[in-house]
There are 2 protein chains.
Amino acid sequence: MSVGIRHDDLRRRNRAMVISAVRRAGQPSRTEIAATTGLSHSTISAISADLIQEGILTESKASEPTALKRGRPQIGLALNPEAAAVLTVVLSLNFLSVAVIDYAGQVIAEEQRRLDTLVMPRDELIGECLAIVRRRLQDPDLDVSSVARIAMGIQGITDSHSRAMLWSPITPLTDIPFADILEREFGIPATMENDCNMMAVALRWRAPERYRDNFIAILLSHGIGMGLVLKGELFTGTHSSGGEFGHMIHRPGGALCRCGRRGCVEAYAGNYAIWRSAMGISEDAAPIDIGDADMRALAAKARQEDGPEREAYRRAGEALGFGLGSLFALIDPAPVAMVGVSAAAFDLIEPALREAIARTAGGQHSSSISFDTEPNELPLIREGCAMRALTFVDQEIFAPGVQARTDAAGKNVA
Amino acid sequence: MSVGIRHDDLRRRNRAMVISAVRRAGQPSRTEIAATTGLSHSTISAISADLIQEGILTESKASEPTALKRGRPQIGLALNPEAAAVLTVVLSLNFLSVAVIDYAGQVIAEEQRRLDTLVMPRDELIGECLAIVRRRLQDPDLDVSSVARIAMGIQGITDSHSRAMLWSPITPLTDIPFADILEREFGIPATMENDCNMMAVALRWRAPERYRDNFIAILLSHGIGMGLVLKGELFTGTHSSGGEFGHMIHRPGGALCRCGRRGCVEAYAGNYAIWRSAMGISEDAAPIDIGDADMRALAAKARQEDGPEREAYRRAGEALGFGLGSLFALIDPAPVAMVGVSAAAFDLIEPALREAIARTAGGQHSSSISFDTEPNELPLIREGCAMRALTFVDQEIFAPGVQARTDAAGKNVA
DNA sequence: CAGTATTTTTTTGAGGCTCGAAAAAAAGCC
DNA sequence: GGCTTTTTTTCGAGCCTCAAAAAAATACTG
């Protein structure tokens with residue numbers, strides 16, 4: 001269970017620490033790395049010499065006019081873009097997108113495709129995913145052997161081992177072990193994770209000063225999803241990707257949710273719920289998918305006049321507020337990022353949301369809770385997948401340990 | 001932030017690992033320790049020789065008739081009871097209890113006292129706590145200098161640094177930094193933690209086969225509290241002790257809760273709420289404290305005939321069920337321990353609870369969720385405090401590192 | 001009861017790792 | 001060109017863990 005630290009683990013961990021310091025800082029000098037890691041200069045010198053020799057890091061001599069300072073100039077260390085590559089696959093409603101990313105994090109190729117995910121049979125859906133990946137891997141500009149990891153992100157519930165999609169709103173199919181399928185087909189280690197979790201990972205890399213130890217990313221789209229980072233770690237359920245914020249109960253026995261149950265937060269705040277409410281359709285009506293353009297038009301109408309549209313957004317805000325309040329009762333308030341098409345209508349949602357939060361246990365300091373909005377979720381999800389894959393390469397391939405292989409799946413560092 | 005591993009940390013961590021293996025296993029031989037920690041026999045031999053020489057461990061030669069086996073008999077290693085002592089303080093409604101516990105975990109002295117916590121002024125409440133601790137420390141049988149830690153547990157919200165009580169239902173007073181007060185008075189490092197979290201810690205030591213990586217301890221008493229262990233770690237909020245399960249919103253705008261808000265789970269499932277409902281008192285009525293005997297009588301009545309009493313327990317079950325369902329939507333189902341006087345009436349609560357859970361996102365496998373009951377919370381809380389204090393001594397005093405002192409507060413290992 | 005087998009524990013030497021101090025390198029400053 | 005300053009490398013010392021061998025302690029066997 002709890003295992004002692006072997007002597008050889010030491011070097012492994014410190015190698016990983018150096019790589020991670022370089023990835024975070026961009027082009028740190030050896031001295032800076034020594035400062036952030038707390039290791040001695042000699043150790044950093046030895047480790048970075050190894051890493052450079054192995055082609056993982058490079059000395060970015062052209063560090064340019066590094067502020068005319070006295071003394072020997074610092075030599076920046078950078079990730080060698082050619083050390084490896086990773087591939088991201090993002091599958092969302094009617095949309096499939098793939099990107100190839102070099103070891104330094106730059107996109108070097110991408111491809112997107114529209115699909116009818118809601119009606120595709122199992123084989124076809126899997127086939128499309130495999131085909132688009134295969135096309136990218138066959139790109140003559142790409143050295144296939146350098147592709148070290150495939151990270152897939154999907155809207156829906158995944159298992160906690162990052163292997164399979166268990167359930168998803170974008171397809172009636174269930175239990176598709178995408179990670180295993182990709183691994184078997186291409187011989188490249190793969191993972192499959194929840195889209196909102198990937199959003200959270202990406203936010204952490206994008207704006208670490210705001211999103212670091214504790215924060216929440218909420219997807220306001222067809223459904224309501226959540227990615228949660230607590231104490232610097234991505235929070236997942238014990239069996240599944242967890243964080244099914246959208247399916248916390250807002251009103252027991254209330255409106256019909258896409259999941260088939262009643263009274264979920266999503267049944268009041270998902271696109272279909274806002275639409276249903278604005279159009280005066282019964283709360284018992286089966287959820288339908290609304291296009292982004294329609295939602296934008298609805299928001300415009302709600303801004304224009306105080307009618308049922310505005311009331312629909314108010315009710316969505318109330319549901320989100322009570323949900324967040326219950327969540328805050330458990331974890332204390334934290335910064336929130338609202339992502340997705342309805343985040344663009346957050347001005348309509350916010351007043352009722354804040355009012356509801358203020359009436360809950362978590363809302364004692366509701367006015368100090370800060371919200372950010374980001375209408376476009378796709379780039380975030382891809383970025384999260386990329387960082388997830390790259391940190392895997394950093395830790396498990398370039399700083400391998402004895403039990404690397406067994407641990408690989410269970411890691412959870414955001 | 002993320003800090004590299006120094007060479008001297010290695011020995012420190014492995015020392016801690018050995019101590020923890022002995023605490024967990026009781027009287028393991030060196031060979032067993034080598035097996036569980038994964039370290040080599042020589043390393044274990046060297047470390048345990050040190051620990052014995054320092055008086056932290058002892059060879060319990062009298063390991064008795066250790067199953068007639070061939071070969072050199074194993075020598076059991078045990079914690080030396082005299083290596084240190086810790087003191088636990090448990091403060092709950094109208095009740096203060098202190099115990100002195102030796103390094104091996106045995107209670108060597110205790111004292112209990114009735115207080116009127118609800119009406120005591122600040123100075124008096126603090127004074128009583130200090131006085132009872134002082135009396136125990138002045139016991140001539142006790143070597144004061146061996147007392148290495150004081151762990152206090154309290155019903156209410158504490159801060160995440162384990163220093164202060166922020167709010168509590170047992171007193172109108174707020175923000176009492178008990179840990180600092182005790183430290184300053186006695187010069188012994190102290191912590192102050194939430195009672196339900198301590199219950200969870202204790203359950204983990206008592207029955208690790210059932211309560212290990214993921215489980216929930218719920219206190220059903222005057223109020224509703226929760227201790228949550230996820231991935232083997234005690235879950236706390238980011239600022240406070242968190243896990244305010246009792247104050248998740250069950251029905252927006254519903255029954256009046258002791259916290260002053262409306263619709264909390266506690267406002268339907270706390271002792272006062274069950275009483276209010278059974279007696280036909282308005283949901284808007286101010287909460288009153290009900291004695292344990294009255295609650296037991298109420299439960300007896302509810303079992304006897306299908307009247308308002310039974311209905312009150314049914315509604316409590318429903319509130320708990322929806323709350324648990326929302327919680328399970330976030331963290332996936334886990335074993336639950338119901339603790340406290342109303343846990344003795346769990347037979348009345350369970351049917352409605354299971355029914356409600358089944359109607360939530362977390363309830364897909366509601367029938368497989370298992371509940372345990374334990375009517376007496378006090379021994380659990382004390383045990384948790386003791387284990388918390390002892391593991392601190394294990395890790396920070398007997399396996400000290402450079403930054404031991406700064407880390408001390410922030411630790412969170414259950 | 002002595003010798004052998006078996007298992008646990010200790011000892012010993014080798015190899016690695018990190019650290020501090022000193023040396024070397026590479027610039028600006030005067 | 002020499003001096004100062006800062007960064008990086010080199011080197012020897014000190015620990016730590018490990019594997020293998022040795023020692024210790026008991027049961028079995030004839």
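No experiment lies behind these values; they were computed from the predicted model shown.
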Inset, instruction - Measure from CG on B:D8 to C1' on C:dC19 and round the result to the nearest Å. - result: 9 Å

Inset, instruction - Using a 4.0 Å cut-off on protein heavy atoms (strictly under), produce a 5'-to-3' string for nucleotides 5-11 of chain D with B for base contact, S for backbone-only sugar-phosphate contact, and - for none. - result: BBBBBB-

Inset, instruction - Figure out the CZ/C1' separation between A:R15 and C:dG16, and round it to whole Å. - result: 15 Å

Inset, instruction - Using the test ring pair (Phe, Tyr, Trp, His ring centres under 6.0 Å), find all partners of A:F398 that sit at least two apart in sequence or belong to another chain. - result: A:Y103

Inset, instruction - For D:dC15, take OP1 and OP2 only and decide whether either is under 4.0 Å from a side-chain N or O of B:R11. - result: no

Inset, instruction - Please name all residues satisfying salt bridge (Lys or Arg N to Asp or Glu O under 4.0 Å) with A:D50, sequence neighbours left out, ordered by chain then number. - result: A:R11

Inset, instruction - Return the set of residues passing side-chain contact (heavy atoms from CB on, under 4.5 Å) with A:Q106 (not counting sequence neighbours), or none when no residue passes. - result: A:D102

Inset, instruction - Taking only the side-chain nitrogens and oxygens of A:N14, find out if one of them lies under 4.0 Å from OP1 or OP2 of C:dT18. - result: yes

Legend entry - Between D:dT17 (C1') and A:D9 (CG): distance, integer Å: 11 Å

Inset, instruction - List for me each residue that meets side-chain contact (heavy atoms from CB on, under 4.5 Å) alongside B:N80, sequence neighbours excluded, and say none if there are none. - result: B:T58, B:E82, B:A83

Inset, instruction - May I have the distance from A:L39 (atom CG) to C:dG20 (atom C1'), rounded to whole angstrom? - result: 14 Å

Inset, instruction - Kindly state each residue pair satisfying salt bridge (Lys or Arg N to Asp or Glu O under 4.0 Å) with at least one member in residues 25-48 of chain B, sequence neighbours excluded. - result: B:R30-B:E59

Inset, instruction - Flag the pair B:T191 / B:R149 as yes when at least one side-chain heavy-atom distance between them is below 4.5 Å, and no otherwise. - result: yes

Legend entry - Residue B:R6, side-chain atoms from C-beta onward, closest of C:dT18, D:dC18, C:dG15: C:dT18

Legend entry - Angle between terminal axes - the helix from C:dC1-D:dG30 to C:dC30-D:dG1, 5 pairs each end, rounded to 10°: 20°

Inset, instruction - Output all residues satisfying side-chain contact (heavy atoms from CB on, under 4.5 Å) with A:P208, sequence neighbours left out; order by chain, then residue number. - result: none

Inset, instruction - Using the test side-chain contact (heavy atoms from CB on, under 4.5 Å), find all partners of A:H41 that sit at least two apart in sequence or belong to another chain. - result: A:T31, A:A34

Inset, instruction - Respond yes when some side-chain nitrogen or oxygen of A:S40 is under 4.0 Å from OP1 or OP2 of C:dG20, and no when none is. - result: no

Legend entry - Separation of C:dG16 C1' from A:I47 CD1 (nearest whole Å): 12 Å

